[in-house]
Amino acid sequence: MANLETTYLGLRLKNPLVAASSGLTSSAERIRKLEEAGIGAVVLKSVFEEQINNEITSLLLYESHHSGYPEAEDYIRHYIRDNTVSKQIKLIETLKKEVDIPVIASVNCVSANEWTSFAKDFQEAGADALELNIFYVPVDRKEDPGIIDRLYAEVLQKVKEQVSIPVSVKIGLYHSNIIGMVDRLKANGARGVVMFNRFYEPDIDLDRLELTSSEIFSSPVEIRHTLRWVGLVSSQVPEIDIAASTGIHSGEAVVKQVLAGARVAQLCSALYTQGDAAIPSMKAEIIEFMKKWNFNRLEEFRGRLSYQQIPDPMVYERSQFMKYFSNRGK
Ligand SMILES: Cc1cc2nc3c(=O)[nH]c(=O)nc-3n(C[C@H](O)[C@H](O)[C@H](O)COP(=O)(O)O)c2cc1C
C-alpha cells in the first residue's frame with residue numbers, strides 16, 4: 001500500500017503536496033478547503049514590506065491633506081504595521097485551532113530589520129515554520145555583484161537570532177552559484193530551501209507602448225528549471241530539505257521532483273488553474289507511479305535520479321544540444 005507521508009523542515013506531512021504562498025492561502029476559509037481536498041501543508045500569503053510601505057505612504061498622503069498633525073505620522077506607521085501583522089497573527093491563531101496540517105508563515109522583505117520582528121510575532125502566534133521570501137533587484141552598476149548572496153545570509157542570520165522554529169528560504173534562479181548559495185544558507189541555519197520563486201516578470205504592450213506584466217501563472221514546461229537544480233542541490237547539500245516550486249501541475253511532475261531529491265512540491269498555478277481537485281488527482285497519480293514501480297514509501301525513490309545517483313551526471317551539467325543536433329543531422 002503506497003504511503004505518501006513525508007517530513008519537511010522536521011514537520012510531519014500526510015503527503016508531499018504543499019500549497020505555495022499566494023492569495024489562495026490568505027484566509028482560514030480557503031485553507032480549510034485545501035485541507036479538505038487533502039493538501040499536506042500550507043505556506044501563508046506573504047506579508048510584504050512593500051505592501052506595508054505603500055499603505056503607509058497613501059495614508060500619510062491622506063493625512064497630510066486632512067490633519068496637519070505631525071504626530072499623526074508616527075501613529076499611522078504603528079497602526080499600519082500592527083494592523084497588517086496582527087491580521088496574520090490572527091489567521092495563524094485561527095488555523096492552529098481549526099486545521100490539522102502544518103502552517104508555514106511567510107514574510108517578504110528586503111530589509112533585515114523589519115523581518116526579524118515579524119518573524120518573532122509569527123512564531124509566538126503558533127506558526128510551525130517560517131519561509132523567507134527575499135527578493136532584491138540590483139539596479140546600480142556600481143553595486144558589488146555579490147550583494148544578493150550576502151543579503152540572503154544576513155537576513156537569515158538576523159531571523160535565526162529571533163526564532164527557534166525551522167526557517168526555509170525561498171530563492172530565485174538568479175544566483176551566480178546556486179549550490180554554493182544553498183550551502184551558505186544551510187551554514188547560516190536554514191532548514192530548508194524553496195526552489196524557485198517565480199517572479200512577476202515584465203512585458204511590453206506594443207499597442208499602448210507601455211510596460212505590462214507577463215503571464216502570472218506558470219506552465220508545466222517550467223519544471224525543467226527546477227529539476228536540474230533540485231537534482232544538483234539535493235546531492236551536494238543533502239542536509240537541507242528541498243521544496244520544489246514552479247511549474248508543478250501534475251502528480252507526475254511531483255514524482256519527478258522527488259526522484260530528483262525534493263521532499264515536497266509546492267503548488268500555486270496548478271491550484272489556481274485546476275482548482276482544489278488538482279490535489280486528489282495528483283495524489284492518485286503519485287500512487288499509480290508507486291504501484292507501478294513497487295514503491296511503498298517516498299523515501300524509497302527520493303533522490304534516486306539526483307546528480308550523484310545517475311550513471312551520467314553530465315545530463316544535469318549541460319544541455320544535450322550537441323547530441324540532439326548530431327542526431328538530427330543523420
Ligand atoms: C497570484 C500569485 C500570488 C503569489 N503570492 C506570493 C506570495 O505572497 N509570496 C510568495 O512567496 N510567493 C508568491 N507567489 C509565488 C508562488 O508561491 C510560487 O512560488 C510561484 O507561482 C511558482 O509556482 P507555480 O509554478 O506553482 O505557480 C504568488 C504567485 C501567484 C501566481
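Only this structure's heavy atoms are used, side chains among them; waters, hydrogens and symmetry mates stay out. For ligands, and for the atoms within them, numbers begin at 1 and follow the listed sequence. The shown structure was predicted, so the numbers you read here are calculated from the model rather than taken from an experiment.
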How far is [atom] from its nearest protein heavy atom, and which residue and atom name does that atom have?
{"atom": "atom 26 (O) of ligand 1", "result": "Cys268 N, 3.0 Å"}
{"atom": "atom 27 (O) of ligand 1", "result": "Ser269 OG, 2.5 Å"}
{"atom": "atom 20 (C) of ligand 1", "result": "Arg198 CB, 3.8 Å"}
{"atom": "atom 15 (C) of ligand 1", "result": "Asn197 OD1, 3.6 Å"}
{"atom": "atom 19 (O) of ligand 1", "result": "Lys170 NZ, 3.0 Å"}
{"atom": "atom 16 (C) of ligand 1", "result": "Ser21 O, 3.5 Å"}

What do you reckon, does Asn108 put a non-hydrogen atom under 4.0 Å from ligand 1? no
Check if Gly247 has a non-hydrogen atom at a distance under 4.0 Å from any atom of ligand 1. yes
For the residue pair Glu93 / Gln88, report whether a side-chain donor-acceptor contact shorter than 3.5 Å exists. no
Please tell me whether Ser306 and Ser235 have a donor and an acceptor in their side chains that are separated by less than 3.5 angstrom. yes
Would you say the side-chain atoms of Arg198 pair up with the backbone N or O of Ile216, donor to acceptor, closer than 3.5 Å? yes
So, is [X] polar-close to ligand 1, with some N/O to N/O distance under 3.5 Å?
{"X": "Glu131", "value": "no"}
{"X": "Tyr272", "value": "no"}
{"X": "Asn133", "value": "yes"}
{"X": "Leu267", "value": "no"}

Evaluate the ring planes of Phe289 and Phe295, with Trp represented by its six-membered ring, and classify them as parallel (under 30°), tilted (30 to 60°) or perpendicular (over 60°). tilted
Please name the residue in the list Ile104, Asn197, Val194 that meets the side chain to side chain contact (heavy atoms under 4.5 Å, CB included) test with Gln266. Val194
Test Leu271 against every option in Thr25, Leu24, Leu17 by the side chain to side chain contact (heavy atoms under 4.5 Å, CB included) rule and name the one that passes. Leu24
Check whether Ile92 and Leu132 end up in the same hydrophobic cluster, where Ile, Leu, Val, Met, Phe, Trp and Tyr are linked by side-chain heavy atoms less than 4.5 Å apart. yes
Taking 4.0 Å as the limit for heavy-atom contacts, which would you say applies to Thr246 with ligand 1: side chain only, backbone only, both, or neither? both
The side chain to side chain donor-acceptor pair (under 3.5 Å) partner of Thr6 among Arg12, Arg302, Lys14, Arg297 is Arg302
Side-chain cluster (under 4.5 Å, hydrophobic types only) that Leu209 belongs to, other residues: none
